[in-house]
Undergrad: 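Below you will find the structure I want to go over with you.
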Amino acid sequence: MEVLAALNLGDIAQVFSKMGMFPVFDVAYYIVSILYLKYEPGSVEVSRRSPVASWLCAMLYCFGSYILADILLGSSPIDYFQHNSHILLASAVWYLVFYCPLNLFYKCVAFLPVKLVLVALKEVVRTRKIAAGVHHAHHAYHHGLFIMVIVGYVKGSGVALISNFEQLLRGVWRPDTNEILNMSFPTKASLYGAILFTLQESNWLPVAKSTLILIFTLFMATSKVVMTARHSHGSPFALIESWVCHLLFGSPLGGSEEDHHHAPAAAPSSPLKTKEELSEGARKRKAKKAE
């Protein structure tokens, strides 16, 4: 306790929770989001064939969580597009990632040390969005705990939840990538974070919101940086989830059934690569063959 008092954790959390996200953190969020869009199959081809479709996909990657949350809360889905500075900033990032001469901007932001910093900054924004979504839903539905969780969850992972609709804009339909069926770590973490912030907002969790924001941000940023550095798409929740699923739902311990269905037949190094990196590698090989 004396150590915590000496560190002034409460004061640090207060300052951190009041720190503005625009423009530094928002720019990092847009860069990483559009970077992952460029990794997706067919995204580069669409950017050459139909810049409008590519721009719409980029806007969904940047603002999809706001759009989906507004729909759930009965607001206009284009309400967030009134923020001209955010739209222009995201559009500038989209243009640089896809159309910068010699691909210089993409090479810079995809450089691993730079990418790790950007990924950490993006998780700061994600946590704020979850907290803001729960707070917004709390004002609209004061006793709607499930609504608070849903809105916070959507604010944190809305881009992934509407990924199938975004695929249609790119001319790709892959229902097997449904995020509900195959939840990634950010999606799971957004759900757990939404539950924590809902409990805090409802005074069931005796922790200050600023402290919870700081702790959850540190957890998310650390986890994503480590996973990105190791090129891993695993989850820190895997062990706990396997035990809980085994006890409550009778599923095989460790998710062995899913592992059998998705057992890789390629080289041993492939499981360590993320979906985005695999897509990027396939795109580069295709470009080399064309040459």
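Worth knowing before you read on, the calculation uses all heavy atoms, side chains too, and leaves out hydrogens, waters and symmetry mates. Keep in mind that what you see is a predicted model, and the values were worked out from it rather than measured. By convention here, the first residue in the shown sequence is residue 1.
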Undergrad: Atom NE2 of residue position H136 - does it have more than 12 heavy atoms of other residues, nucleotides or ligands inside 6.0 Å?
TA: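 Counting other residues, nucleotides and ligands, NE2 of H136 stays at 12 neighbours or fewer.
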Undergrad: Can you confirm whether V151 sits close enough to V134 that some side-chain heavy atom of one is under 4.5 Å from a side-chain heavy atom of the other?
TA: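 The answer is no, as the side chains (C-beta and beyond) never meet within the 4.5 Å cut-off.
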Undergrad: Would M183 end up clustered with M227 when hydrophobic side chains under 4.5 Å apart are linked, directly or stepwise?
TA: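 In one cluster with M183: M227, yes.
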Undergrad: Any side-chain heavy-atom pair from K115 and V109 closer than 4.5 angstrom?
TA: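 Heavy-atom side-chain distance check fails, nothing below 4.5 Å.
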Undergrad: Does CD1 belonging to I78 count more than 12 external heavy atoms closer than 6.0 Å?
TA: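 12 or below, so no.
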Undergrad: Decide if the gap between the ring center of Y30 and the ring center of Y61 is smaller than 6.0 angstrom.
TA: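 No; Y61 has its ring centre 6.0 Å or more from that of Y30.
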Undergrad: If I compare all heavy atoms of C57 with all of L169, which pair ends up nearest, and what's the gap?
TA: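 Closest approach of C57 to L169: SG-CB, 3.6 Å.
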Undergrad: Less than 4.5 Å apart, any side-chain heavy atom of N182 and any of T177?
TA: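 In short, these two side chains do not touch, never coming nearer than 4.5 Å.
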Undergrad: Looking at L68 and I162, what are the two nearest heavy atoms and their distance?
TA: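 Looks like CD2-CG2, 3.7 Å.
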Undergrad: So, do P51 and Y99 sit near enough that their side-chain heavy atoms are less than 4.5 Å apart?
TA: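 Yes, at least one pair of side-chain atoms sits under 4.5 Å.
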Undergrad: Determine, for F197 and K155, whether the Lys NZ or Arg CZ falls below 6.0 Å from the six-membered ring centre while staying within 45 degrees of the axis.
TA: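 Here K155 fails the 6.0 Å and 45° test against F197.
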Undergrad: Using only atom types and a distance under 3.5 Å, with no angle test, would you say the side chain of T228 pairs donor to acceptor with the backbone of V225?
TA: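 No.
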Undergrad: Could you tell me which non-hydrogen atom of A90 sits nearest to which non-hydrogen atom of C62, and how far apart they are?
TA: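 Closest approach of A90 to C62: CB-SG, 4.1 Å.
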Undergrad: Walk me through it: do Y36 and K122 pass the test side-chain hydrogen bond (donor to acceptor under 3.5 Å, both in side chains)?
TA: CA-CA 12 Å; Y36 286 163; K122 179 182 179 180; over 6 Å; no
Undergrad: Could you walk me through whether K209 and S17 pass the side-chain hydrogen bond (donor to acceptor under 3.5 Å, both in side chains) check?
TA: CA-CA 8 Å; K209 178 182 286 188; S17 64; over 6 Å; no
Undergrad: Is the cationic atom of K38 (NZ for Lys, CZ for Arg) positioned less than 6.0 Å from the six-membered ring centroid of F98 and within 45 degrees of its normal?
TA: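 Yes - K38 lies over the ring of F98, closer than 6.0 Å to its centre and within 45° of its axis.
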Undergrad: Look up atom OG1 in T187 and atom OH in Y192, then write down how far apart they are to the nearest 0.5 Å.
TA: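 That separation rounds to 11.0 Å.
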Undergrad: Between Y80 and F63, how do the two ring planes meet: parallel, tilted or perpendicular, split at 30° and 60°?
TA: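 Rings of Y80 and F63: tilted, as their planes differ by 30° to 60°.
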Undergrad: Check whether any side-chain heavy atom of T217 lies under 4.5 Å from a side-chain heavy atom of F16, and answer yes or no.
TA: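 Side chain of T217 against side chain of F16, heavy atoms only: contact under 4.5 Å found.
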Undergrad: I would like to know whether V15 and D11 meet side-chain contact (heavy atoms from CB on, under 4.5 Å); could you show each step before the answer?
TA: CA-CA 6 Å; V15 173; D11 295 338; 5.6 Å; no
Undergrad: Using 0.5 Å steps for rounding, measure from the CG atom of N103 to the CG atom of L96.
TA: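 Between atom CG of N103 and atom CG of L96 there are 11.0 Å.
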Undergrad: Using a 6.0 Å cut-off, check whether atom CZ of F165 has over 12 heavy atoms from anything other than its own residue.
TA: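 It does not: F165 CZ has 12 such atoms or fewer within range.
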Undergrad: Find out whether M59 and S91 are in side-chain contact, i.e. whether some heavy atom of one side chain is under 4.5 Å from a heavy atom of the other.
TA: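 M59 vs S91: side chains touch.
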Undergrad: Decide side-chain contact (heavy atoms from CB on, under 4.5 Å) for D70 and S76; before the verdict, give the C-alpha distance in whole Å, the side-chain angles of both, and the deciding distance to 0.1 Å.
TA: CA-CA 6 Å; D70 285 340; S76 172; over 6 Å; no
Undergrad: Can you tell me how far the OG atom of S190 sits from the CD1 atom of I130, to the nearest 0.5 Å?
TA: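 So the OG of S190 and the CD1 of I130 are separated by 4.0 Å.
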Undergrad: Would you tell me whether K188 and S235 have side-chain atoms, one donor and one acceptor, within less than 3.5 Å of each other?
TA: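 The criterion, which ignores hydrogens and geometry beyond distance, is not satisfied for S235 and K188.
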Undergrad: Does M220 offer a backbone N or O that forms a donor-acceptor pair with the side chain of S223 under 3.5 Å?
TA: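 Flag not set: sc S223 to bb M220 has no pair under 3.5 Å.
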Undergrad: CG of L88 to CG of N84: how many Å apart, nearest 0.5 Å?
TA: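 Between atom CG of L88 and atom CG of N84 there are 6.0 Å.
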Undergrad: Quick check for you: to the nearest 0.5 Å, what is the distance between L248 atom CG and H246 atom NE2?
TA: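 That separation rounds to 10.5 Å.
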Undergrad: Would you name the heavy atoms of V207 and L212 that are closest together and state the gap between them?
TA: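 So the minimum-distance heavy-atom pair works out to CG1-N, 4.0 Å.
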Undergrad: I'd like to know whether CH2 of W204 has more than 12 heavy-atom contacts from other residues, nucleotides or ligands below 6.0 angstrom.
TA: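 Incorrect, the count does not exceed 12.
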Undergrad: Any link between L37 and V46 through a network of hydrophobic side chains (Ile, Leu, Val, Met, Phe, Trp, Tyr) touching at under 4.5 Å?
TA: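 L37 does not cluster with V46.
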Undergrad: Linking I/L/V/M/F/W/Y whenever their side-chain heavy atoms sit closer than 4.5 Å, directly or via other members, would F111 and L118 fall into one cluster?
TA: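 Hydrophobic grouping puts F111 with L118.
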Undergrad: Within this structure, what is the CD1-CZ distance for the pair I87 and F81, rounded to the nearest 0.5 Å?
TA: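 Interatomic distance, I87 CD1 to F81 CZ, rounded to 0.5 Å: 4.5 Å.
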Undergrad: Answer yes or no: is there a donor N or O on one side and an acceptor on the other, between the side chain of N164 and the main chain of R174, under 3.5 Å?
TA: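 Answer holds: yes.
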Undergrad: Test side-chain contact (heavy atoms from CB on, under 4.5 Å) on F185 and K224; report intermediate values, then the result.
TA: CA-CA 9 Å; F185 165 71; K224 282 294 293 180; 3.9 Å; yes
Undergrad: May I ask you to decide if the ring planes of F216 and F219 are parallel, tilted or perpendicular, using 30° and 60° as cut-offs?
TA: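 F216 and F219: tilted rings.
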Undergrad: Under 4.5 Å between any side-chain heavy atoms of Y66 and K129, yes or no?
TA: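 They are in contact (side-chain heavy atoms under 4.5 Å apart), so the answer is yes.
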Undergrad: Might you work through the side-chain contact (heavy atoms from CB on, under 4.5 Å) test for T198 and E201, ending with a clear yes or no?
TA: CA-CA 5 Å; T198 297; E201 193 76 37; 5.7 Å; no
Undergrad: Check V119 against V32 and note the closest heavy-atom contact, atom names and distance.
TA: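 Residues V119 and V32, closest heavy atoms: N-CG2, 3.9 Å.
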Undergrad: For S65 and V154, which heavy atoms make the closest approach, and how far apart are they?
TA: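 Heavy-atom minimum between the residues: CB-O, 3.4 Å.
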Undergrad: Please check if the number of heavy atoms outside I240 that lie under 6.0 Å from its CD1 is greater than 12.
TA: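 Counting neighbours around CD1 of I240, 12 or fewer heavy atoms of other residues, nucleotides or ligands fall under 6.0 Å, so no.
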Undergrad: Do you reckon I31 sits in the same ILVMFWY cluster as Y95, going by side-chain contacts under 4.5 Å, direct or chained?
TA: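 Yes.
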Undergrad: Could you see if I67 belongs to whatever hydrophobic cluster contains L73? Use Ile, Leu, Val, Met, Phe, Trp, Tyr and a side-chain cutoff under 4.5 Å.
TA: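 Different clusters: I67 never reaches L73 through Ile, Leu, Val, Met, Phe, Trp or Tyr contacts under 4.5 Å.
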Undergrad: Could you please spell out the steps behind the salt bridge (Lys or Arg N to Asp or Glu O under 4.0 Å) verdict for R126 and E123?
TA: CA-CA 5 Å; R126 188 195 304 275; E123 296 310 312; 2.8 Å; yes
Undergrad: I'd like to know if the side chain of E179 pairs up with that of S184 as donor and acceptor (distance under 3.5 Å, no hydrogens or angles considered).
TA: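 Distance-only check passes for E179 and S184.
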Undergrad: How about M19 and F25: do any of their side-chain heavy atoms sit closer than 4.5 Å?
TA: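 Side-chain contact under 4.5 Å: yes.
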